[in-house]
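Side chains are part of it too, since the values below use all heavy atoms of this structure and drop only hydrogens, waters and symmetry mates.
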2 protein chains.
Amino acid sequence: MGLRKVGKKLANIQEVAKQARVSVATVSRVLNGQNTVSEKTRKKVEEAIKKLNYEPSMLGRNLRNSESRLFLILIPSISNPFYLEIIKGIEAVAISQNYNILLCETDSNPERENIYFDLVRKKMADGIISMDPTVNIETLKNLSENHAIIQCSEYEEGSGIPYVTIDNEDASYRAVKHLIQIGHKNIALINSDEKYLYARQRKMGYIRALEEYGITLNSQFIILTQHLGFENGQHAMKKLLNLHDRPTAVFAVSDLLAIGALKEIHASRLHVPSDIAVVGFDKIDFSNMTNPTLTTIAQPMYKMGTVAVKMLIDKMNGKEVESIILDHELVVRESTSGQFI
Amino acid sequence: MGLRKVGKKLANIQEVAKQARVSVATVSRVLNGQNTVSEKTRKKVEEAIKKLNYEPSMLGRNLRNSESRLFLILIPSISNPFYLEIIKGIEAVAISQNYNILLCETDSNPERENIYFDLVRKKMADGIISMDPTVNIETLKNLSENHAIIQCSEYEEGSGIPYVTIDNEDASYRAVKHLIQIGHKNIALINSDEKYLYARQRKMGYIRALEEYGITLNSQFIILTQHLGFENGQHAMKKLLNLHDRPTAVFAVSDLLAIGALKEIHASRLHVPSDIAVVGFDKIDFSNMTNPTLTTIAQPMYKMGTVAVKMLIDKMNGKEVESIILDHELVVRESTSGQFI
DNA sequence: TTTGGAAATGTAATCGATTTCATTTAGGCG
DNA sequence: CGCCTAAATGAAATCGATTACATTTCCAAA
């Protein structure tokens with residue numbers, strides 16, 4: 001490129017060494033706070049650094065140390081607020097450990113995914129935290145032989161890749177149990193595609209709760225959606241409302257789905273929770289802004305993020321890493337706290 | 001660190017050269033698709049690459065090229081959905097140009113901000129797209145002398161740093177004019193702190209619309225909030241509802257504020273839009289999920305993102321870059337489409 | 001066959017740091 | 001004052017690529 005780049009030439013460690021009349025080794029030692037430098041030379045070097053406005057280049061350092069101090073966060077879509085709180089947790093720990101993150105939105109697109117995997121292959125990233133359920137697990141397994149990888153929230157059983165998650169089956173069980181305990185018997189499930197492990201697990205929790213209370217499963221009450229978006233919730237709810245015997249309660253496996261359901265219920269001039277109670281999942285920020293506010297399962301997202309990074313850093317340092325299951329919590333709000341029956 | 005790192009040793013360009021019985025220069029030429037390599041040697045090299053499972057290290061390449069092919073996106077908070085669509089636009093162009101982005105959440109915290117600026121100073125990032133209105137503009141100006149920087153959406157007048165944004169004054173004017181045209185005279189403004197340029201601009205648009213229709217300004221109708229969150233909208237609306245003569249319409253400078261206002265209005269058993277009409281700003285995804293759906297000003301966020309990256313890349317290549325104002329649009333939805341009066 | 005010039009390839013410097021190992025300096029002690 | 005050890009410093013290799021410049025190879029024309 002024949003184009004002039006922005007900026008003047010910046011000083012490098014050589015020039016600092018010359019300015020301070022010491023060797024580059026000594027400058028490097030001052031930079032890295034090693035204690036084998038005499039007070040006098042340290043002063044000299046620091047003055048030279050200040051005078052030349054020197055900033056050590058991470059490019060040189062990274063090459064020498066064979067690390068980028070970057071890692072990837074794989075998510076299917078940045079629009080899904082569920083991930084945001086996790087990311088905050090990740091960021092906090094990452095920064096404190098002098099790492100930075102590359103937020104990678106795959107759009108569930110294998111090509112896109114591959115671009116990001118390449119970043120790891122080419123040493124531009126030191127590790128991966130995958131939260132993408134649509135990730136190509138074979139590729140991930142292959143990569144995990146040479147690179148540090150942690151699965152967060154979503155995981156593949158028996159992949160050998162450590163994960164941090166919650167007990168989805170139990171969370172789902174509790175959500176449904178709550179609906180049963182406030183008097184519901186006709187409880188629908190808006191689930192996502194059962195190719196995802198969490199979807200299968202949450203369905204099992206749903207079934208277990210029904211069975212425990214002797215409620216027979218109505219297969220018409222289970223709606224599967226392709227994605228976890230608002231519109232998917234609307235469509236699913238529309239189907240449920242068109243049933244001859246429509247449910248009196250709905251458990252959706254994501255808040256966005258639940259909010260879509262809410263909207264559709266309102267559109268049919270029905271009332272939540274007196275006509276239909278709704279429970280979501282995730283406790284995203286918006287679940288508290290709807291009208292009525294949404295009962296939901298709170299995942300410890302921030303914690304999940306922090307734990308994931310710690311596991312990743314351990315893994316990068318060659319330590320043995322165990323998978324972790326975190327606690328969840330049922331948050332009862334207006335969408336189920338009416339006086340049903 | 002005495003700990004074993006993950007993974008076996010990976011091949012480097014030297015070993016590929018040896019395996020293919022050529023020089024590293026030739027391997028590099030094959031890698032970079034230069035045409036001065038004969039078909040025969042190219043084959044040899046490609047076979048060696050495959051055999052050794054070689055992946056070129058970006059660390060080496062980046063050092064040699066003095067670039068990281070990374071740039072920073074500065075945002076105050078990832079929780080604000082307004083930024084997400086912009087980021088998608090940024091990502092799309094970045095990827096197509098072989099760049100990756102570091103999403104940097106400052107939390108409006110100068111320390112945090114400085115960590116990210118350091119990344120640029122230390123050459124870990126090639127440029128910055130700042131969307132943070134709380135950014136320290138002096139530091140930004142200083143940095144812009146040596147580094148490529150673009151301001152996106154938020155900007156500082158006369159900073160000399162190119163920006164891409166919309167005409168905030170006009171957008172605000174149109175929103176208020178819309179409220180006037182459907183019959184409102186008592187129109188409140190929920191604005192953010194006027195230390196931000198966009199807040200001052202939007203206030204001016206509000207005033208201009210009122211003046212144009214001969215409506216006298218009621219200073220009690222202007223509420224300033226510290227942040228742009230849901231709760232801030234609730235609080236602001238509470239103040240407005242407590243006024244002796246409460247407004248019949250509210251224009252909030254962000255959808256989140258407007259959604260908070262909606263919630264508060266409902267809590268007071270009032271109806272939108274028949275009792276109070278509401279207009280937001282940004283057209284975030286959720287503005288279409290509320291009940292009623294929200295009238296709002298649509299910013300071309302995706303476009304803004306793509307434009308910002310193009311400007312940044314031009315800037316990095318030393319081209320002269322002009323600031324750009326993009327178009328906006330009023331989107332009328334349920335929160336103002338009732339038959340008021 | 002010779003030769004000129006283009007095409008192909010190789011050598012070695014370079015990017016900017018860290019680190020090993022060698023060497024110098026300082027200081028305490030007899 | 002000389003000696004020994006520990007502390008301080010420096011020289012040079014190294015990380016893994018790119019590339020300017022030098023050299024070799026190839027082929028067509030004379």
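Using a 4.0 Å heavy-atom cutoff across all strands shown, A:Leu59 reaches no nucleic acid atom at all. Looking at heavy-atom distances under 4.0 Å, A:Asn32 makes contact with sugar-phosphate atoms alone, never a base.
Among the nucleotides D:dA8, D:dA20, D:dT18, the one closest to any side-chain atom of B:Arg29 is D:dA20. Relative to the side chain of B:Tyr54, the nucleotides C:dC15, C:dT18, D:dA17 differ in distance, and D:dA17 lies closest. Taking only side-chain atoms of B:Thr36, from C-beta outward, the nucleotide of D:dT9, C:dT18, C:dT9 with the closest atom is C:dT9. Taking every side-chain heavy atom of B:Val37 into account, C:dT9 is the closest of C:dT9, D:dT9, D:dG16.
Shown here are the ring pair (Phe, Tyr, Trp, His ring centres under 6.0 Å) partners of B:Tyr163, two or more places apart in sequence or in another chain: B:Tyr155. Partners of B:Lys88 by salt bridge (charged side-chain N to carboxylate O under 4.0 Å, His left out), not counting sequence neighbours, listed by chain and number: A:Glu105. Qualifying side chain to side chain donor-acceptor pair (under 3.5 Å) partners for B:Ser38, counting only residues two or more places apart in sequence or in other chains: B:Thr41. In this structure A:Asp132 satisfies the side chain to side chain donor-acceptor pair (under 3.5 Å) test together with A:Thr106, A:Thr134, sequence neighbours excluded. B:Tyr198 is linked by a side chain to side chain donor-acceptor pair (under 3.5 Å) to B:Ser192, counting only residues two or more places apart in sequence or in another chain. Checked against salt bridge (charged side-chain N to carboxylate O under 4.0 Å, His left out), B:Lys43 has no partners two or more places apart in sequence or in another chain. In this structure B:Asp314 satisfies the salt bridge (charged side-chain N to carboxylate O under 4.0 Å, His left out) test together with B:Lys319, sequence neighbours excluded. With sequence neighbours excluded, the residues that form a side chain to side chain donor-acceptor pair (under 3.5 Å) with B:Asn32 are B:Ser28.
Each of A:Leu63 and A:Gln34 has a nearest nucleotide on DNA chain C; the 5'-most of these lies closest to A:Leu63. Between B:Lys123 and B:Lys40, the residue anchored nearer the 5' end of DNA chain C, judged by the nucleotide with its closest heavy atom, is B:Lys40.
Within the structure, side-chain hydrogen bond (donor to acceptor under 3.5 Å, both in side chains) pairs that include any residue of residues 89-102 of chain A comprise A:Glu91-B:Arg112 (at least two apart or interchain).
No N or O donor and acceptor, one from the side chain of B:Arg64 and one from the base of C:dG16, sit under 3.5 Å apart.
If you check residues 41-52 of chain A against DNA chain C, you find no residue with a heavy atom closer than 4.0 Å. A heavy atom lying under 4.0 Å from DNA chain C marks the following residues of residues 18-27 of chain B, by number: B:Arg21, B:Val22, B:Ser23, B:Val24, B:Ala25, B:Thr26.
Inter-axis angle, ends of the helix from C:dT1-D:dA30 to C:dG30-D:dC1, five pairs per end, rounded to 10 degrees: 60°.
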